[in-house]
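Reviewing the structure listed below.
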Amino acid sequence: MAASQRHIEDEQLTAYALNALETPERLEVADHLAICTLCNEALAPYLEVTASLVNAHQPAEPSAGLRGRIMGATAALESPAVPSTPVINLAERRTGRSAWVLRVAATVLVLLTAGLSAVLAVEFQRVSDLETESTQLQAQLDDLQDVLYFTSSPGVTTVALAGDLPRPRAMLMAYPDNDLALLIAVNLEPLGEGEIYRLWLVDGDGSRYEATTFTPDEHGYASVWFRAPEVVSHYDWVRITRDPVASTEQMGDAALLSAPMEMK
Amino acid sequence: MDLSHLDDAELAEMVVAKNAAALEALYGRYGGQVYRMAYGMLHDSSAAEDASQEVFITLWLRAGTYCPEKGPFQNWFLHLAHNRVIDEFRKRRRGDRFQQVSDPDKAMESLVSLSQTGEAAVEAVFFEDVKVALLQLPEAQREVVVLAYLHGATQQEIADRTGTPLGTVKTRLRLAMIKLRDMLPHLAKEEV
């Protein structure tokens, strides 16, 4: 039996719950947990232990500014085009210059202080931005590792979707006898206002099921995990459409990408 | 926007749709726990805030991986949070190794800190029922839990550090978690 299909031993589950596994083993366990209800049920009480430990730390309070920092960082992730570096207009501060030497000296001092503050503010912001970017990259790396482990697992079958347009392509990956699947799409066109991509599963009698919706990134790339109502091999076709967000549950006739589900 | 009537899973779903108010609501519910855990492990308020920020950014980016069928959001999220704080802890530990080369006093201080796996560490970090439960564990089992949970050590690292066979470490960790499971689970629900 493939590693990802073998149930996880209790010793691994307890270590996983405490984050005490080496990275490759942790990913292997996570890969199996993504598809196994039994092991998730066995893991649940140990996750409660970890949660209890987290909940029982001695009192300590973060600064009042932490909430704002977090919300600012996430907002920056969603609006990369918005300049996040504070701008301090030194020219405005210079309007206080006068002929009085003392005032000039004081002004120079203020300018120096303000200049230093500006430099420090820029540097702090730059470090903060780098930390945010690092976390974002780590999350993307985690995603890619999940994908890699899944796609390289024995027994995972791939269905390639194609359409009339030459560039957009997609792949659906799943264990035929499981309801969990991964869709990866590339070169998708950017969506207009109020639009979304939908993934449909179509079974033998023509019944259509909206498996998931997704939005590609700025490079036209999307990867999305979803669970089907039945095991994936139950369905005959997989299709991707581009629809208004508020459209009904009926699939339109024109599929952007489609393929027969040849994994039975 | 008042989202207090929504449960965690509903808020997580909104975070997937990039609803900042939902993330802020989850911060309101769990920000304190995450920070206290980070502070308990890192012993530095600035580092604890950085780690907390990373935890919530990770939630922002990966809330879609939460699956309500697999259990309560709290357990999934606090496990993720602990994982992220351990990452930060390990990063700092790698930094300490460089420091140890040039600063023997720092190295000794670090080793003393890492050796605090017994009652002192438990007394210093935890409170009430969890502290009592941890102190009830046999010393060898408490040691592996504290090294893994508080010091971010993997099973292999615990084996190397304590000179104990890896199989023994795994067994001790499992036995300790089973005992804690029998003593603790009610706490996670009470603290929501």
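None of the values given here were measured: they were computed from a predicted structure. Note on naming: letters A, B, ... go to the chains in the order of the sequence lines (proteins, then strands), and numbering restarts at 1 for each one.
There is no side-chain donor-acceptor pair under 3.5 Å between A:E22 and B:Q156. No hydrogens or angles considered: a donor-acceptor pair under 3.5 Å links the side chains of A:T241 and A:W200. Side chains of A:Y197 and A:D243: a donor-acceptor N/O pair is absent below 3.5 angstrom, by distance only.
Within the 4.5 angstrom heavy-atom criterion, atoms from both the backbone and the side chain of A:E61 approach chain B. A:S63 touches chain B through backbone and side chain together, each having a heavy atom under 4.5 Å away. The parts of B:T58 that come within reach of chain A are both its backbone and its side chain, each placing non-hydrogen atoms under 4.5 angstrom from that chain. With a 4.5 angstrom heavy-atom cutoff, A:L33 touches chain B only via backbone atoms.
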Identify all side-chain donor-acceptor contacts of residues 11-25 of chain B below 3.5 Å with residues at least two apart in sequence or on another chain.
| from | atom 1 | to | atom 2 | distance (Å) |
| --- | --- | --- | --- | --- |
| B:K18 | NZ | B:W60 | O | 2.7 |
| B:N19 | OD1 | B:A21 | N | 2.9 |
| B:N19 | OD1 | B:A22 | N | 3.1 |

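The greatest number of non-hydrogen atom pairs below 4.5 Å with chain A, out of B:V145, B:L173, B:N83, B:V55, is found for B:N83. With chain B as partner, the option from A:A17, A:A15, A:A20 having the largest number of non-hydrogen pairs under 4.5 angstrom is A:A20. The candidate from A:E41, A:M71, A:R227, A:Q12 with the greatest count of non-hydrogen atom pairs under 4.5 Å with chain B is A:M71. For the options B:V34, B:I178, B:T65, heavy-atom pairs under 4.5 Å to chain A are most numerous at B:I178.
When ring centroids are compared, A:H57 and B:Y35 stay outside the 6.0 Å threshold.
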